[in-house]
Amino acid sequence: MEFKHTSILLAESVDFLITDKNGIYVDCTMGGAGHSSAFAAQLEAGGLLIGIDQDDDAIAAGSERLLNKFTCKTAVAKSNFENFSQVLDSMGIDKIDGIFFDLGVSSYQLDTPERGFSYMHDGPLDMRMNKEASLDAEYIVNHYKEEELADIIHRYGEERWAKRIAQFIVAARKEKPLTTTFELVDVIKKAIPKGARLDGPHPAKRTFQAIRIEVNNELGILADTMERAVNRLKSGGRIGVITFHSLEDRIIKQTFAKLAKGCTCPPQLPVCVCGKKPLLRKTGNIVPSKAEVEENPRSRSARLRYAIKI
């Protein structure tokens, strides 16, 4: 299956991120190179665009679309985005002009049944963005304790029926292990009362989101990664992050606000004693236009958070 993905907030991301056509830019979530290609197209011969991804399919597709196709220099590296610093160090690069993160699951991953991300396609319970990772959705569903399942479904999925869903999962797996996405969907539908299933999104949406986040530790690495990304920026360098749900968006917003404030002293202290200075200015966000949402409904919940290094 071809690696297809519709890049969201593409023009807005390019317009904000690229300021020096001979600068160094990093796309930490390259995917099929939609954003990466658009960034590279803006750069001149002295520029460098580095694409990073942990998904083998993305590396193959991104390399095909990015390498030796543009006036600027391009490079591709396989790694989790939290390890972007090691990638830069390996290339002898200290400071960069811009860094970008698209935190969403790609359309390719969602639409490829064997990846196990989607409640709309039957496939193995996998959900690993890095197929070499040891933890997958099947292990979580069949081995986590009921209390652990309820906790992650509530915390990461913000699912009101989390406890009941966890109870039904544990009961079902006693009969036989759950191994496919549709088996899990069936259990979730049985757990959620019929009246509650009539309104709102697909009944399995929140639970699948929660399990995916747990499999890939998506939230646990965000705040620290953002701080390290800002520290690698040159003065005037830019960071852009596209988020897709409230949990990750809150982390990015709070982290940017913290770095823009600088001082972490208690408010009752008359003077600053921590010595921390603001690192960011002009923080803000952009949401997709009505036209983009109509053309690509998956963009509805997207938000581009951005900031500039002081």
Side-chain angles (χ1 to χ4, degrees), residues 1 3 5 28-32 51-63 76-87 89-90 101-106 108-119 121-157 159 162 165-166 169-170 172-174 176-185 187-188 204-226 228 244-245 247-248 251:
M1 179 178 178
F3 198 112
H5 177 66
C28 287
T29 47
M30 177 182 64
I52 300 173
D53 209 289
Q54 63 179 333
D55 188 308
D56 287 325
D57 295 334
I59 290 293
S63 297
V76 170
K78 182 185 176 184
S79 183
N80 186 294
F81 67 71
E82 69 171 322
N83 299 319
F84 77 90
S85 287
Q86 288 93 311
V87 173
D89 291 343
S90 71
F101 301 82
D102 180 351
L103 302 180
V105 181
S106 72
Y108 169 83
Q109 289 169 328
L110 286 173
D111 295 336
T112 305
E114 55 265 32
R115 299 301 299 271
F117 282 99
S118 177
Y119 45 82
H121 304 286
D122 196 19
L125 274 175
D126 194 325
M127 302 193 195
R128 291 173 298 171
M129 293 184 180
N130 177 1
K131 289 187 284 188
E132 296 176 4
S134 57
L135 181 64
D136 61 15
E138 183 176 339
Y139 182 88
I140 291 171
V141 168
N142 290 295
H143 292 90
Y144 274 31
K145 295 178 181 178
E146 183 179 314
E147 296 78 11
E148 293 175 310
L149 284 171
D151 177 62
I152 66 167
I153 294 170
H154 178 264
R155 183 153 45 99
Y156 295 155
E159 171 60 72
I165 291 170
I169 289 174
V170 170
R173 76 190 191 192
K174 287 179 180 178
K176 77 174 197 62
L178 300 175
T179 60
T180 72
T181 54
F182 275 7
E183 286 176 351
L184 179 57
V185 168
V187 172
I188 295 169
K205 179 179 180 179
R206 295 185 178 93
T207 298
F208 269 63
Q209 172 183 295
I211 295 172
R212 189 200 80 222
I213 289 172
E214 176 73 4
V215 167
N216 299 288
N217 190 28
E218 294 176 33
L219 300 183
I221 62 178
L222 279 185
D224 179 64
T225 301
M226 293 304 122
R228 288 187 289 108
F244 283 86
H245 58 78
L247 296 172
E248 62 190 14
I251 292 172

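No hydrogens, no waters, no symmetry mates; every other heavy atom, side chains included, goes into these values.
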Inset, instruction - Taking D102 for its side chain and C28 for its backbone only, find out whether a donor-acceptor pair lies under 3.5 Å. - result: no
Inset, instruction - Take Y139 and V215 through the side-chain contact (heavy atoms from CB on, under 4.5 Å) test and state the conclusion after the steps. - result: CA-CA 9 Å; Y139 182 88; V215 167; over 6 Å; no
Legend entry - Exam field: side chain N80 to backbone N83, donor-acceptor pair closer than 3.5 Å: no
Legend entry - Within 6.0 angstrom of K174 NZ, more than 12 heavy atoms from elsewhere: no
Inset, instruction - Mind listing the closest non-hydrogen atom pair of Y119 and A204 along with its distance? - result: CB-CB, 3.9 Å
Inset, instruction - Determine the minimum heavy-atom distance between P113 and D111, stating which atoms define it. - result: CD-O, 3.2 Å
Legend entry - Nearest-0.5 Å distance that lies between atom CD in E146 and atom CD1 in I165: 12.0 Å
Inset, instruction - Give a yes or no on whether the backbone of A58 and the side-chain of D53 come within a donor-acceptor separation of less than 3.5 Å. - result: no
Inset, instruction - Examine distances only and state if a side-chain atom of E138 and a backbone atom of P124 form a donor-acceptor pair shorter than 3.5 Å. - result: no
Inset, instruction - Output yes when a side-chain donor or acceptor of R115 lies under 3.5 Å from a complementary backbone atom of D126, and no otherwise. - result: no
Legend entry - Under 3.5 Å donor-acceptor, T181 side chain and G116 backbone: no
Legend entry - Rounded distance [0.5 Å steps], NE2 in H143 versus CG in L149: 11.5 Å
Inset, instruction - Determine whether V105 and R212 make a side-chain contact, defined as any pair of heavy atoms from C-beta on separated by less than 4.5 Å. - result: yes
Inset, instruction - Give a yes or no on whether the backbone of L178 and the side-chain of N142 come within a donor-acceptor separation of less than 3.5 Å. - result: yes
Inset, instruction - Please confirm whether the backbone N or O of V87 pairs with a side-chain atom of S90, one donor and one acceptor, at under 3.5 Å? - result: yes
Legend entry - Donor-acceptor pair, side chain of R228 and main chain of E82, under 3.5 angstrom: yes
Inset, instruction - Kindly indicate, with the supporting measurements, whether the criterion side-chain contact (heavy atoms from CB on, under 4.5 Å) is fulfilled by I213 and E248. - result: CA-CA 10 Å; I213 289 172; E248 62 190 14; over 6 Å; no
Inset, instruction - Drop me the distance from M129's CE to T29's OG1, to the nearest 0.5 angstrom. - result: 9.5 Å
Inset, instruction - Would you name the heavy atoms of I52 and S79 that are closest together and state the gap between them? - result: CG2-O, 3.4 Å
Legend entry - Donor on one side chain, acceptor on other, E214 and Y144, under 3.5 Å: yes
Inset, instruction - Could you pull out the closest heavy-atom pair between A150 and A166, with the gap in Å? - result: N-CB, 3.6 Å
Legend entry - Inter-residue atom distance N216.CG - Q54.CD, 0.5 Å rounding: 6.0 Å
Legend entry - Heavy-atom side-chain contact between L219 and L247 under 4.5 Å: yes
Legend entry - Check against side-chain contact (heavy atoms from CB on, under 4.5 Å), F81 and L222: CA-CA 10 Å; F81 67 71; L222 279 185; 4.0 Å; yes
Legend entry - R128 (side chain) donor-acceptor with D136 (main chain) under 3.5 angstrom: no
Legend entry - salt_bridge(D56, K78) N-O dist < 4.0 Å: yes
Inset, instruction - Evaluate the criterion side-chain contact (heavy atoms from CB on, under 4.5 Å) for residue pair T225 and F101; output intermediate values, then yes/no. - result: CA-CA 10 Å; T225 301; F101 301 82; 3.9 Å; yes
Legend entry - Qualifying residue for side chain to side chain contact (heavy atoms under 4.5 Å, CB included) with L125, from L184, T179, I211: L184
Inset, instruction - Answer with yes or no after comparing the ring centroid distance for F208 and F117 against a 6.0 Å cut-off, counting only values under it. - result: no
Inset, instruction - Rounded to the nearest 0.5 Å, what's the gap from CD on E183 to CD1 on I188? Could you check? - result: 12.0 Å
Legend entry - Nearest-0.5 Å distance that lies between atom NE2 in H154 and atom CD in E159: 9.0 Å
